[in-house]
Undergrad: 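If you scroll down you'll find the structure; I have some questions about it.
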Amino acid sequence: MEGSEGNSDAVSPHPWQSYNTVYTTAKAGMEGVDKEKVQRVVYEMSKGSKYFQNEERKEAFIKQKIDNMRLQFSKLSHSDLSHYQKVAERRILELEASRDLSRIWLHVDMDAFYAAVETLSNPMLKGKPMAVGSMSMLSTANYEARKFGVRSAMPGFIARKLCPELILVPTDFKKYTHYSDLTRKVFQRYDPNFIAGSLDEAYLDITEVCRERNVKSEEIAQELRDSVHEETGLTCSAGVASNRLLAKVCSDINKPNGQYVLPNDRLAIMTFISSLPIRKIGGIGKVTEHILKEVFGINTCEQMLDKGSYLCALFSQSTADFFYSVGLGLGKTDSPQASFRKSISNERTFSATEDEVLLQKKLDKCLVILNHKKDEPCKLMFAVELAEMLSTDMQKEGLHGRTLTLKLKTASFEVRNRAVTLQNYINSSEDILKHASKLLKAELPVSVRLIGLRVSQFNGDKSGATPDRTQKTITNFITSGEANRKKDSFSDVTDHDFISDIETDPSIDVGHTSQLDSRDPFDGNHSLDVNHQSCTLWKNDGAEKVQTSGNDAASSHHSACTEMLGSTSFQGQFEGENVNDGSNLLEEDRLNSCQETTMLWLNDYKCSLCGIELPPSFVEERLEHSDFHFAEKLQKEESSIRQTSIPIQSQDQKHRINRQSKSKKQKLSQREGRYTPIDYFFVKE
DNA sequence: GCGGATCAC
DNA sequence: TATGGTGATCCGC
């Protein structure tokens with residue numbers, strides 16, 4: 001399958017057309033963009049990269065999924081179809097009966113928020129194409145830049161190709177938080193229980209305001225937007241509708257600096273929904289859109305109802321319900337009290353470009369900490385750092401969890417998760433590290449570009465023990481909005497189970513509105529964002545105290561961590577390293593490494609390759625250091641071979657990856673690969 | 001309970 | 001040179 005893709009690449013005169021990126025989907029500010037050109041540039045810049053290859057792999061997987069569904073689809077008999085037709089009709093009627101037109105929801109969305117804030121603080125940027133982020137990743141772009149096809153989540157180096165004049169501004173999260181706070185003070189005046197979706201958007205139930213002041217929702221929206229502009233200097237867009245799903249769609253319609261009101265009228269809603277592309281709906285992303293289009297020919301929300309019988313035939317009930325509710329324009333209308341986090345995590349991608357000197361400094365620090373930390377192997381450095389950061393974060397919120405998940409992203413962008421559920425609840429860095437190490441060691445050797453740790457199943461989280469709370473009738477399901485499958489869908493879970501945790505945590509006020517999503521996803525310095533990681537109360541001004549108190553500590557901790565993290569050479573260690581766990585399996589590697597060592601150390605303490613000095617007593621450390629050079633050497637050789645490698649080899653790699661991720665047995669066979677000499681390093685991912 | 005995938009921001 | 005981080009949910013085992 002991958003081979004045929006390669007062929008079509010060579011044959012097709014426009015190969016970029018088949019490279020499906022998310023960058024050309026219709027979004028605000030993308031009108032009039034030469035999509036063909038954007039597609040071509042993105043393709044040209046990506047072609048051949050590890051990232052690109054992984055995208056192709058995923059694409060092939062989705063195609064297979066689509067083929068499978070088509071097959072299932074074609075197998076449906078007439079009697080099947082008539083049966084499903086009845087089921088669908090009944091379901092749709094039930095959902096229709098749950099329609100609630102009594103509330104008025106407003107969705108506010110700041111226009112190009114980060115970019116707009118940066119322009120406020122530096123007026124020189126005004127009118128020029130600009131984006132916030134780095135050469136690796138953009139968080140947002142202003143409207144001048146969007147004209148060139150520059151988009152959020154696009155790597156900066158591709159954006160520069162599309163728009164050579166593009167100005168890149170690094171993220172400054174403190175600034176965005178400050179302005180976000182200002183906007184929220186305005187929101188609060190209209191709905192004290194507003195839902196902060198992220199730093200730059202919020203949902204407000206303006207039913208009461210409209211009623212009390214006897215004003216139209218349209219005027220409220222205009223007034224709110226004017227207030228936001230007056231108090232921040234920033235523009236925003238708003239959408240008003242009978243539920244949150246529709247309000248969100250509406251806020252996008254007249255963006256930027258505009259608004260759209262959809263009346264609380266069934267006919268108006270059905271008309272509005274009828275021609276709406278499904279991709280506009282929150283929860284329907286690239287893949288779902290693709291599947292629905294390719295398998296059922298569904299492009300608009302209305303068609304969700306037309307093809308209702310197929311949907312309930314091939315999807316689960318909850319998924320089909322979601323699709324139907326989209327077709328009917330139904331959404332959440334309730335005001336959730338609070339939502340509690342269900343997991344906490346920490347992950348880091350290692351930069352591939354690392355200065356040699358910097359690298360050495362890191363290694364030195366590694367050794368210091370290594371010594372301090374007793375016997376922790378050097379290559380678990382990343383895990384050490386992550387565990388410490390995670391533990392710190394957990395302690396800030398008084399969280400204890402019993403499930404630990406290790407996330408790895410290999411050099412070929414394949415993502416793997418490995419989890420354990422423990423008897424006891426943990427939150428110390430030592431405990432986290434102990435179990436993370438086990439999980440990690442079981443995966444070695446592997447070349448990784450990212451490591452992540454996540455803890456879930458918190459002490460006091462009884463959601464699994466009270467399934468009756470989440471088991472609802474179909475009517476409840478829709479009216480409470482769970483059919484939307486969106487993040488606060490469990491907001492109706494009562495909070496009595498969490499009280500013990502909350503009360504012991506000084507940083508959390510009872511009755512708070514949580515903002516789990518407020519962390520800046522793109523900010524390299526995101527650790528600064530302590531306040532948004534914990535639950536913040538917007539009903540109280542006390543939240544601000546929490547913010548400032550956490551920042552400094554996190555900041556200094558972070559800077560120490562970033563210096564530690566991220567180097568190609570360390571990645572190499574994950575491949576060629578020798579874990580000091582006494583395992584016989586590893587002994588051979590260790591011997592090899594010792595031979596290297598004797599060649600390496602001058603007068604028993606000075607490295608002949610880089611000059612670092614490690615006292616004779618630092619036996620383990622010197623061994624690790626040797627491994628480092630050894631891995632480095634291997635990697636250099638590997639990359640030089642890869643540069644001249646032929647496509648067949650990468651095919652081979654893919655097969656190995658696929659096999660290996662299939663079962664645990666395969667993982668064992670991979671481990672046996674340790675006995676294979678050098679060329680082993682060239683074929684694994 | 002685990003792991004892969006999808007989605008949002 | 002170079003394609004992120006955090007959290008949630010669903011599905012199939």
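Quick caveat: nothing in here was measured; it's all calculated off a predicted structure. Throughout, a chain's letter reflects where its sequence line sits, starting with A, and its residues are numbered from 1.
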Undergrad: Say we look at C:dT3 and B:dA8: how far apart would their P atoms be, to the nearest angstrom?
TA: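 It works out to 23 Å between them.
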Undergrad: How would you label the contact of A:I281 with the nucleic acid (heavy atoms, under 4.0 Å): base, sugar-phosphate, or nothing?
TA: sugar-phosphate
Undergrad: Establish, with yes or no, whether the OP1 or OP2 oxygen of B:dG1 is under 4.0 angstrom from a side-chain nitrogen or oxygen of A:R402.
TA: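 A:R402 to B:dG1 OP1/OP2: side-chain N or O found under 4.0 Å.
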Undergrad: Taking salt bridge (charged side-chain N to carboxylate O under 4.0 Å, His left out) as the test, write out the residues that go with A:K407, two or more places apart.
TA: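 In terms of salt bridge (charged side-chain N to carboxylate O under 4.0 Å, His left out), with neighbours along the sequence ignored, A:K407 is linked to A:E347.
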Undergrad: Measure from NZ or CZ of A:R146 to the centre of the six-membered ring of A:Y143, then state whether that distance is under 6.0 Å and the direction lies within 45° of the axis.
TA: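 The answer is yes; both the distance and angle limits are met.
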Undergrad: Check the distance between B:dC7's P and A:I62's CD1 and give it to me in whole angstrom.
TA: 8 Å
Undergrad: Does A:R449 make a side-chain N or O approach to OP1 or OP2 of C:dG4 shorter than 4.0 Å?
TA: yes
Undergrad: Report yes if at least one side-chain N or O of A:S136 is closer than 4.0 Å to OP1 or OP2 of C:dT1; otherwise report no.
TA: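 Answer is no, no contact under 4.0 Å.
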Undergrad: Under the ring-ring contact (aromatic ring centres under 6.0 Å, His included) rule, collect the residues that match up with A:F73, sequence neighbours excluded.
TA: A:F296, A:Y310
Undergrad: Using a heavy-atom cut-off of 4.0 Å across all strands, would you classify A:I158 as base, sugar-phosphate, or nothing?
TA: base
Undergrad: With respect to the phosphate group of C:dT6, does any side-chain polar atom (N or O) of A:S343 fall under 4.0 Å of OP1 or OP2?
TA: no
Undergrad: Under 4.0 Å, counting only non-hydrogen atoms across every strand here, what does A:E201 touch: a base, just sugar-phosphate, or nothing?
TA: sugar-phosphate
Undergrad: Measure CG/A:L386 against P/C:dG5 and give the value in whole Å, please.
TA: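 Computing the A:L386:CG to C:dG5:P distance gives 10 Å.
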Undergrad: Touch check for A:K161, heavy atoms < 4.0 angstrom, all strands: base, sugar-phosphate only, or nothing?
TA: nothing
Undergrad: Here's a test of your reading of the structure: between A:S316 and A:L450, which maps to the more 5' nucleotide of DNA chain C?
TA: A:L450
Undergrad: Using a heavy-atom cut-off of 4.0 Å across all strands, would you classify A:L404 as base, sugar-phosphate, or nothing?
TA: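 Nothing, no nucleic acid heavy atom in range.
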Undergrad: It should be established whether A:R160 places a side-chain nitrogen or oxygen under 4.0 Å from OP1 or OP2 of nucleotide C:dA2.
TA: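 Result: no.
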